[in-house]
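Comments concern the structure below.
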Amino acid sequence: MGYKTIDVKPVSGALGAEIEGVDLSKELSNETFDDIHQAFLDHVVIFFRDQHIGHEQHKAFGRRFGSLNIHPYVKGMDGHREIMQIVKEPEDRINFGGGWHSDMSFLEEPALGSILYAKEVPPYGGDTLWANQYLAYETLSDGMKKMLEGLKAIHTAKGEYSERGASAQRRKSMNVTVAGDDTPSFEHPVLRTHPETGRKALYVNPAFTEKFVGMTKRESRPLLDFLFEHCTQEQFTCRFRWTKSAIAFWDNRAAQHFALNDYHGHRRHMERVTVNGDRPF
Ligand code: SIN
């Protein structure tokens with residue numbers, strides 16, 4: 001791909017690229033914005049190092065891509081409700097996002113993308129992994145693709161944000177509200193067509209996908225387990241070593257991600273702006 005205003009350096013064969021030559025604290029010209037947008041679509045997750053942005057600039061960058069989400073279970077920052085602080089204190093045992101997932105797939109209109117900014121990073125560990133869900137789809141057999149075509153799955157926050165769910169365990173450090181019995185569920189296609197690229201991606205994730213529409217949980221489990229294992233294989237992934245002031249911006253319509261929890265005794269502080277998306281088709 002030819003980019004006019006930025007340098008784009010892929011970080012793995014599957015997905016991910018570091019972007020150089022841009023300062024996100026400054027207002028982006030339309031030309032630079034178009035290049036960044038194209039790199040985001042081409043590489044699914046893009047990274048920027050050494051960005052010194054304030055909360056308003058973080059939100060403004062997100063707003064170039066769409067409206068911003070206010071998380072239903074994690075309270076945003078005072079004065080900046082659209083910014084979620086993802087903090088793990090030295091004494092915390094459980095981290096936020098420590099399982100494969102696509103952000104907000106439990107909503108009727110799940111997130112388009114997430115923009116994560118590193119405020120404080122541990123001396124080692126705390127990397128994030130992403131897995132390319134276009135590749136997960138494309139590497140399925142024709143028979144499996146045919147079987148999944150037209151199938152829908154039910155996504156809900158009930159498990160993850162319920163009293164015993166991993167996200168709800170983060171109540172102390174992160175101001176998480178526990179999801180009640182009235183937590184809604186939404187149906188999304190198992191094979192999702194990306195609204196901008198037109199490519200198909202697998203769209204089920206272990207954190208929020210409960211079962212297939214028209215099937216019981218028990219009936220759904222074997223096929224879901226296969227898909228969860230299939231879609232996060234090593235060859236579909238990239239891994240980012242965070243440095244302070246780095247930013248990752250990923251496409252939740254075509255990627256899942258996983259925050260590693262291997263830095264006990266150290267603090268990690270990230271801030272996330274989440275861009276709203278459309279209803280999957
Ligand atoms: C998340 O958005 O799931 C958190 C990712 C991370 O903290 O690396």
Side-chain angles (χ1 to χ4, degrees), residues 11 15-16 18 40 44-49 51 58-59 61-62 65 68-77 82-90 92-107 110-131 133 155 157 159-161 165-171 173-176 179 205-209 228 231-232 237-264 266-277:
V11 301
L15 79 170
E18 288 214 23
F40 170 72
V44 184
V45 53
I46 52 177
F47 307 106
F48 306 83
R49 300 252 182 214
Q51 299 292 325
H58 193 173
K59 291 191 289 185
F61 181 56
F65 294 86
L68 303 185
N69 176 263
I70 294 184
H71 200 287
Y73 305 110
V74 184
K75 189 167 175 283
M77 291 180 70
E82 307 90 336
I83 299 182
M84 188 205 287
Q85 291 192 297
I86 299 177
V87 178
K88 183 168 179 278
E89 299 292 355
D92 288 338
R93 303 304 293 178
I94 298 174
N95 70 334
F96 182 85
W100 286 105
H101 64 287
S102 172
D103 287 332
M104 324 301 285
S105 80
F106 54 80
L107 295 182
L112 176 156
S114 304
I115 304 166
L116 192 65
Y117 184 43
K119 301 286 283 184
E120 188 177 341
V121 296
Y124 57 82
D127 296 359
T128 309
L129 280 71
W130 285 266
Q133 300 305 290
H155 295 239
E160 192 66 19
Y161 285 92
S167 297
Q169 305 301 315
R170 308 303 338 288
R171 281 198 289 289
S173 300
M174 279 188 51
N175 223 333
V176 175
N205 70 83
F208 305 127
T209 311
F228 294 158
C231 67
T232 56
T237 67
C238 73
R239 176 173 176 154
F240 188 60
R241 173 78 197 118
W242 288 98
T243 44
K244 186 171 155 47
S245 306
I247 291 176
F249 177 25
W250 63 90
D251 190 338
N252 285 297
R253 303 163 297 183
Q256 293 193 40
H257 58 286
F258 186 118
L260 283 169
N261 185 12
D262 57 352
Y263 53 98
H264 297 304
H266 298 285
R267 189 170 198 272
R268 182 176 183 269
H269 175 182
M270 317 293 273
E271 290 180 353
R272 191 179 99 191
V273 161
T274 310
V275 182
N276 288 319

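Each ligand, and each atom within it, is numbered from 1 in the order the structure gives.
Using a 4.0 Å cut-off to heavy atoms of Ala259, the atoms of ligand 1 that qualify are 5 (C), 6 (C), 7 (O), 8 (O). Residue Gly97 approaches ligand 1 through these ligand atoms, each under 4.0 Å from one of its heavy atoms: 3 (O).
Among all protein heavy atoms, the one lying closest to atom 4 (C) of ligand 1 is Ile86 CD1, 3.9 Å. For atom 2 (O) of ligand 1, the closest non-hydrogen atom on the protein side is Arg272 NH1, 2.8 Å. For atom 7 (O) of ligand 1, the nearest protein heavy atom (residue, atom name, distance) is Arg268 NH1, 2.8 Å. For atom 5 (C) of ligand 1, the closest non-hydrogen atom on the protein side is Leu116 CD2, 3.7 Å.
A parallel orientation is assigned to the rings of Phe40 and Phe249, their planes being inclined by less than 30° (bins at 30° and 60°). Ring geometry, Tyr161 versus His71: the interplanar angle falls from 30° to 60°, so the pair is classed tilted.
With ring centers used as reference points, Trp250 lies 6.0 Å or more from Phe240.
Considering backbone and side-chain N/O of His257, one or more are found under 3.5 Å from N/O of ligand 1. For ligand 1, the polar-atom distance check finds an N/O of Thr128 within less than 3.5 Å of one of the ligand's N/O atoms.
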| task | Please report the C-alpha distance between Phe47 and Trp130 in whole Å, then the side-chain angles of each, then the deciding distance to 0.1 Å, and finally whether the ring pair (Phe, Tyr, Trp, His ring centres under 6.0 Å) criterion is met. | result | CA-CA 12 Å; Phe47 307 106; Trp130 285 266; 5.3 Å; yes
